[in-house]
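Sequence lines set the chain letters: A, B, ... in the order given, protein chains first and strands last, and positions in each chain run from 1.
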Amino acid sequence: MEEIRLKKLQELREKGINPYPYRFEISDFIGNIRKQYEEEPPENYKVKVSGIAKRVSRTENGFMVRIADENGVEILVFTREENLKPKERYTFEGLLKRVEGKLSVVDAVLTDEPGEDIKKIKDQFDYDPNFRPISLAGRLVSMRTMGKAIFGHIQDLTGKIQIYLKKDIVGEDKLKFFNDNIDVGDIIGVRGKLFRTNTGELTIEVEEFELLSKSLHPLPEKWHGLKDVEVRYRQRYLDLIANPEVRRIFMLRTKLIMEMRKFFEMHGFIEVETPILQPIASGANAKPFVTYHNFLETELYLRIAPELYLKRLIVGGFPRVYEIGKNFRNEGVDRTHNPEFTMVEFYAAYWDYFDLMKFTEDMFVYLLEKTLGTLKVKYGEWKLDFTPPFRKVKYFDILKEKTGKDKDFFLKDVEGLRKLAKELDIPDVDKMTHAKLLDKVFERVAEEELIQPTFIIDFPKLLSPLAKTHREDPDLVERFELFVARYEVANAYTELNDPIDQRERFEEQLKEKQMGDEEAMEMDEDFIRALEYGMPPTGGEGIGIDRLVMILANTDSIREVILFPQLKPEKKGLNRSSTAR
RNA sequence: GAGCCGGUAGCUCAGUAGGUAGAGCAACGGCCUUUUAAGCCGUGGGUCGCGGGUUCGAGUCCCGCCCGGCUCACCA
């Protein structure tokens with residue numbers, strides 16, 4: 001197939017046409033144009049439509065029926081009704097919604113009552129473009145040639161629009177050129193006038209067109225899209241071309257990060273950048289990637305967290321800072337873990353963890369309203385409710401409630417805890433340190449409580465080497481984690497700013513490390529020196545952006561929210577490039 | 001790292017007992033000036049993930065490997 005396209009490429013060049021020209025003037029993106037002529041129907045807008053079924057096709061959960069009234073005006077109907085046949089007359093009642101831009105009747109059921117005029121329904125929400133001149137470009141994703149006319153759709157990130165070429169307007173030569181030389185998959189630019197077809201679809205009546213880039217590969221199938229998960233991740237560009245849902249998820253991700261920046265700006269935070277290559281990988285419990293700098297002749301680590309640098313900036317007098325960026329952890333890969341992942345970390349001088357909780361609630365409300373427009377989010381089987389205040393539960397209160405044992409037991413009776421862990425079927429308990437045991441037991445017993453947005457507060461000190469000792473209990477620190485749908489979405493504390501205490505905590509970590517905990521934290525002498533100059537009381541927090549997007553996008557795989565997730569290098573077997581020699 | 005499942009045409013998928021590898025879409029050649037999963041007539045297209053074995057004969061059975069998905073372990 002590629003050979004045929006390469007031949008076409010050759011033919012174009014022989015005709016003196018550059019298949020890869022330099023620029024094209026567009027008047028707007030496709031989606032923006034459509035928005036100008038298409039209004040969203042209100043919620044729960046009920047309609048009855050009646051007409052001849054022109055086509056009945058099966059969808060994932062039911063059928064899609066195209067019906068047309070006496071004047072040929074068409075509307076799509078999504079229904080679960082069985083045994084519908086083409087050419088039969090039906091009347092459906094259902095809700096008017098836009099599905100991929102087209103007005104459609106969804107959740108439709110058959111009815112005996114008379115239908116309304118389809119054109120009248122559509123005219124309320126689809127406006128007449130009055131042959132407005134326009135210039136658009138995009139990838140040709142479908143084509144229907146009809147002898148002396150051609151229909152097709154071009155697509156960009158923002159949407160899809162129909163193009164219509166007819167002999168009377170573009171002329172016989174141009175029409176033939178389109179037929180012979182333009183393929184589905186090519187990127188083209190068109191100039192013409194906007195109108196609506198008999199069936200009511202917004203369409204460009206093309207006067208002139210240009211090939212903007214020749215495609216040498218056929219596109220994935222138009223109806224089923226690209227399903228092969230491996231190809232979707234390795235060739236994400238194809239996934240983005242073929243699957244509108246995937247485009248939607250990444251637009252959502254972009255929007256979320258954009259709004260997050262706005263929110264920080266609104267609250268006096270400034271965005272900073274700290275090193276990704278670090279001589280000491282500290283600030284979190286994780287195994288780092290190691291690399292080597294030839295000129296400096298030194299080993300460096302890809303950061304596991306920006307925390308210690310951001311706090312140096314607080315020492316340096318920046319009162320509110322945030323950084324959105326990648327962290328790297330050399331650990332397992334699964335549906336919730338990618339070796340590089342995106343976090344936002346932020347620090348505010350003079351705040352404590354209560355301020356952070358309030359700020360977090362406000363931020364989530366803002367982000368949800370800006371992205372999804374609701375505080376009630378469907379995630380799998382769950383309905384998550386982000387209406388503040390979020391539930392707040394003390395770490396040891398949950399343990400007490402679930403196990404009947406109190407704080408002293410968990411902090412002092414290590415062997416008793418080990419026994420409890422065994423009873424809970426936690427694997428490999430014999431090798432675990434005290435901190436690890438506690439962490440695992442908590443995870444196991446608290447699981448059920450962590451579906452709705454919940455702050456777990458007041459963590460044990462031995463799990464939190466960078467958090468400030470609790471003002472009322474020396475065994476605890478002022479720390480919270482925000483859980484949503486069982487994912488740890490945020491982790492925050494009143495920052496430890498006592499340099500002597502901080503040194504002792506690092507030393508504890510070094511002991512853990514010697515006892516075999518590979519993920520225990522590294523000592524950072526310069527960080528302690530910074531604290532010795534004086535860091536104001538500070539609240540600091542990290543939010544996992546990938547996980548947050550997973551929740552908003554209702555997906556259970558992190559690879560669905562990362563454009564290019566990490567996979568093993570492909571060896572052979574997948575389709576090779578056709579221009580390779 | 002362990003267990004289970006998968007890899008067949010460009011894409012989505014069938015492939016029955018081991019007997020010359022199939023469909024739809026896409027492609028190619030025709031017809032068709034408001035089509036829209038367009039339609040109609042015709043044609044071509046395969047390293048069955050890779051390598052070995054059993055067999056007269058392997059997409060199919062056996063062994064090893066590669067890649068992916070899910071579950072578990074580690075981690076956020």
Side-chain angles (χ1 to χ4, degrees), chain A residues 1-5 7-8 54-59 64 66 68 72-74 76 102 142-153 160 162-170 175 180 183-185 195-201 203 205 215-234 238 242 284-287 304-305 327 329-339 341-343 426-428 432 436 439-440 443 481 483 487-491 517-519 542-548 550 556-559 567-575 578:
Chain A
M1 175 152 327
E2 282 79 12
E3 281 164 33
I4 293 164
R5 299 262 178 130
K7 212 179 114 212
K8 286 187 183 179
K54 298 192 77 174
R55 188 183 195 101
V56 180
S57 5
R58 184 173 281 285
T59 63
M64 181 178 90
R66 221 176 78 223
V73 180
E74 295 184 359
L76 287 177
K102 286 189 188 179
S142 66
M143 182 155 67
R144 300 173 286 283
T145 66
M146 300 192 50
K148 298 188 177 63
I150 300 170
F151 283 93
H153 278 91
K160 218 158 67 161
Q162 182 164 260
I163 60 171
Y164 174 51
L165 291 84
K166 64 174 171 179
K167 196 184 104 181
D168 299 351
I169 291 181
V170 292
L175 196 77
D180 295 348
D183 292 302
V184 170
F195 76 113
R196 283 189 185 277
T197 59
N198 286 344
T199 60
E201 178 163 359
T203 303
E205 186 181 73
S215 170
L216 300 180
H217 292 288
L219 247 33
E221 208 236 353
K222 63 187 169 194
W223 187 243
H224 298 94
L226 180 65
K227 288 229 174 93
D228 185 318
V229 185
E230 187 175 351
V231 180
R232 286 188 44 229
Y233 297 158
R234 287 195 198 281
L238 280 183
N285 300 102
K287 277 180 258 176
I304 55 175
N327 290 341
R329 299 191 184 172
N330 203 342
E331 286 155 1
V333 175
D334 63 29
R335 46 171 262 287
T336 58
H337 298 266
N338 194 60
F341 62 102
T342 304
M343 287 242 301
I426 293 168
D428 296 330
M432 285 186 187
K436 196 124 245 175
D439 209 20
K440 288 283 134 197
E443 249 174 55
E481 287 189 348
F483 283 87
Y487 299 127
E488 181 199 326
V489 167
N491 180 19
D517 184 355
E518 287 182 272
E519 282 146 15
I543 296 174
I545 292 194
D546 309 291
R547 297 250 168 112
L548 191 53
M550 283 169 67
D556 61 3
S557 169
I558 199 167
R559 296 180 193 107
L567 300 181
K568 284 200 184 183
E570 71 185 310
K571 300 229 160 111
K572 53 178 175 178
L574 285 162
N575 49 351
S578 53

Q.
Assuming nearest nucleotide by heavy-atom distance, tell me which of A/Arg66 and A/Ala286 is located more 5' along RNA chain B.
A. A/Arg66

Q | Side chain of A/Arg55 (C-beta onward), nearest among B/A73, B/A37, B/A76 | A | B/A37

Q: Would you indicate, yes or no, if B/G10 has its OP1 or OP2 atom less than 4.0 angstrom from a side-chain nitrogen or oxygen of A/Arg5?
A: no

Q: Just call it for A/Lys227: base, sugar-phosphate, or nothing, with non-hydrogen atoms closer than 4.0 Å on any strand.
A: sugar-phosphate

Q.
At less than 4.0 Å, is any side-chain N or O atom of A/Lys440 found next to OP1 or OP2 of B/C74? Yes or no.
A. yes

**Q.** Side chain proximity check, A/Leu238 to A/His217, heavy atoms < 4.5 angstrom
**A.** no

Q | Distance in Å, A/Arg232 CZ paired with A/Arg559 CZ, rounded so as to fall on 0.5 Å steps | A | 11.5 Å

Q | Shortest side-chain distance from A/Met432, nucleotide among B/G39, B/C74, B/G10 | A | B/C74

Identify the pairs formed between an N or O of the protein and an N or O of nucleotides 22-25 of chain B at a distance under 3.5 Å, and give each distance.
| unit_1 | atom_1 | unit_2 | atom_2 | d |
| --- | --- | --- | --- | --- |
| B/C25 | O2' | A/Glu221 | OE2 | 3.4 |

Q: Side chain of A/Leu226 only, please: which of B/A26, B/U34, B/C11 is the nearest?
A: B/C11

**Q.** N/O (side chain, A/Arg335) to phosphate O (OP1/OP2, B/C70) under 4.0 Å
**A.** no

Q.
From C-beta outward on A/Tyr233, which listed nucleotide comes closest to its side chain: B/U35, B/G39, B/G69?
A. B/G69

Q. Is B/G39 paired to anything, Watson-Crick or G-U wobble with both distances less than 3.5 Å, and if yes, which nucleotide?
A. B/C31

Q) Looking only at atom C1', what distance separates B/G52 and B/C66, rounded to whole Å? A) 15 Å

Q) Using atom C1' of each nucleotide, how far apart are B/U55 and B/A17 to the nearest Å? A) 15 Å

Q. Got a sec, which residues hit ring-ring contact (aromatic ring centres under 6.0 Å, His included) with A/Phe151, two or more places apart in sequence or on another chain?
A. A/Tyr164

Q) For A/Gly225, which contact category applies under a 4.0 Å heavy-atom criterion: base, sugar-phosphate, or nothing? A) sugar-phosphate

Q) Between A/Glu519 and A/Arg329, does at least one N-O distance fall below 4.0 Å, as a salt bridge requires? A) no

Q.
Looking at A/Lys8, I'd like to know whether one of its side-chain N or O atoms comes within less than 4.0 Å of OP1 or OP2 on B/C28.
A. yes

Q.
Between B/C63 and B/G3, how many Å separate the two P atoms, rounded to a whole number?
A. 13 Å

Q. Can you tell me how far C1' in B/A73 sits from the matching atom in B/U16, rounded to whole Å?
A. 40 Å

Q) Contact class for A/Gly332 (heavy atom, under 4.0 Å): base, sugar-phosphate, or nothing? A) base

Q. Taking atom CG of A/Leu76 and atom NZ of A/Lys102, what is their separation to the nearest 0.5 Å?
A. 5.5 Å

**Q.** Whole-angstrom distance between B/A27 and B/G44, as gauged at atom C1'
**A.** 9 Å

Q | Non-neighbouring partners of A/Arg547 that pass side chain to side chain donor-acceptor pair (under 3.5 Å), sequence neighbours left out | A | none

Q.
Looking at A/Arg234, I'd like to know whether one of its side-chain N or O atoms comes within less than 4.0 Å of OP1 or OP2 on B/G68.
A. yes

**Q.** Trace of the side chain to side chain contact (heavy atoms under 4.5 Å, CB included) decision for A/Arg144 with A/His153
**A.** CA-CA 9 Å; A/Arg144 300 173 286 283; A/His153 278 91; 3.6 Å; yes

**Q.** Listed partners of A/Glu331 passing side chain to side chain donor-acceptor pair (under 3.5 Å), at least two apart
**A.** none

**Q.** Donor/acceptor link under 3.5 angstrom from A/Asp334 side chain onto base of B/C70
**A.** no

Q. What nucleic acid atoms does A/Asn338 come within less than 4.0 Å of, heavy atoms only: base, sugar-phosphate, or nothing?
A. base

Q. Is a side-chain donor or acceptor of A/Arg335 paired with a backbone partner of A/Asp556 at a separation under 3.5 angstrom?
A. yes

Q) Of all residues at least two apart in sequence or in a different chain, which pass the salt bridge (charged side-chain N to carboxylate O under 4.0 Å, His left out) check with A/Lys8? A) A/Asp183

**Q.** Any A/Lys568 side-chain N or O less than 4.0 Å from OP1/OP2 of B/C67
**A.** yes

Q: Decide, applying a 5.5 Å centre-distance limit and a 30° plane-angle limit (both strict), whether A/Phe341 stacks on B/A76.
A: yes

Q: Would you classify A/Ser142 as touching base, sugar-phosphate or nothing, given that sugar-phosphate means primed atoms plus P, OP1 and OP2, and contacts are heavy atoms under 4.0 Å?
A: nothing

Q) Using atom C1' of each nucleotide, how far apart are B/U60 and B/U20 to the nearest Å? A) 15 Å

Q. Touch check for A/Asp168, heavy atoms < 4.0 angstrom, all strands: base, sugar-phosphate only, or nothing?
A. base

Q: Please work out if A/Arg559 contacts a base, only the sugar-phosphate, or nothing of the nucleic acid, heavy-atom cut-off 4.0 Å.
A: sugar-phosphate

Q) If you check every side-chain atom of A/Arg144, which of B/U35, B/A76, B/C11 has the closest atom? A) B/U35

**Q.** Paired nucleotide for B/C48 [Watson-Crick or G-U wobble; both distances under 3.5 Å]
**A.** none

Q) For the side chain of A/Lys166, counting heavy atoms from C-beta on, which of B/U33, B/A76, B/A73 is nearest? A) B/U33

Q.
Measuring from atom CD of A/Glu205 to atom CG of A/Leu165, what distance do you get when rounded to the nearest 0.5 angstrom?
A. 9.5 Å

Q. For A/Tyr164 and A/Asp439, take the nucleotide of RNA chain B holding the closest heavy atom to each; which residue's nucleotide lies nearer the 5' end?
A. A/Tyr164

Q: Decide yes or no, distance alone: a donor-acceptor N/O pair under 3.5 angstrom between the base of B/U35 and the side-chain of A/Gln162.
A: yes

Q. Just by distance, do the side chain of A/Asp546 and the backbone of A/Thr342 share a donor-acceptor pair under 3.5 Å?
A. yes

Q) Which part of the nucleic acid does A/Leu567 contact within heavy-atom distance under 4.0 Å: base, sugar-phosphate only, or nothing? A) sugar-phosphate

Q: Confirm from the modelled atom types if A/Thr336 and B/A76 form a donor-acceptor pair under 3.5 Å, side chain to base only.
A: no

Q) With both distances under 3.5 angstrom, what nucleotide forms a Watson-Crick or G-U wobble pair with B/U20? A) none

Q. For B/G6, which nucleotide is its Watson-Crick or G-U wobble mate, given both distances must be under 3.5 Å?
A. B/C67

Dump the pairs, protein N or O against N or O of nucleotides 7-9 of chain B, anything under 3.5 Å, distances to one decimal.
none

